[in-house]
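Have a look at the structure below, then the notes.
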Amino acid sequence: MLFGFLVGASYIGADLNSGGVVNLLLWRPRRLAVLGAKLGTLLGSVLVLSLLASAAYLGTFWVIGQTAGLASGVERDVLA
């Protein structure tokens, strides 16, 4: 969430600083639709990146579990 906030804040800050938002909103009568589309794009991008990072994280531990197996020194009676 913090990553998404930082990316969103940087994006809108750069967009406002360059004058892109002001120029776009001058010619677009439905301002909330434009801002909502920008927010939706940001949230969708962060969601996709989060899913990819989670899949990589879980996949890494699955591979470790398949190759290394159980930790040495743990008896089967303890696990049952």
Under a single-linkage definition using a 4.5 Å side-chain heavy-atom cutoff for Ile, Leu, Val, Met, Phe, Trp and Tyr, are V46 and L43 assigned to the same hydrophobic cluster? no
Donor-acceptor contacts, no H, no angles, side chain residues 51-60, under 3.5 Å, sequence neighbours left out:
| residue | atom | partner | partner atom | Å |
| --- | --- | --- | --- | --- |
| S54 | OG | S50 | O | 2.9 |
| T60 | OG1 | A56 | O | 2.7 |

When Ile, Leu, Val, Met, Phe, Trp and Tyr are grouped by side-chain heavy atoms lying under 4.5 Å apart, directly or through other members, which residues fall in the same group as Y11? none
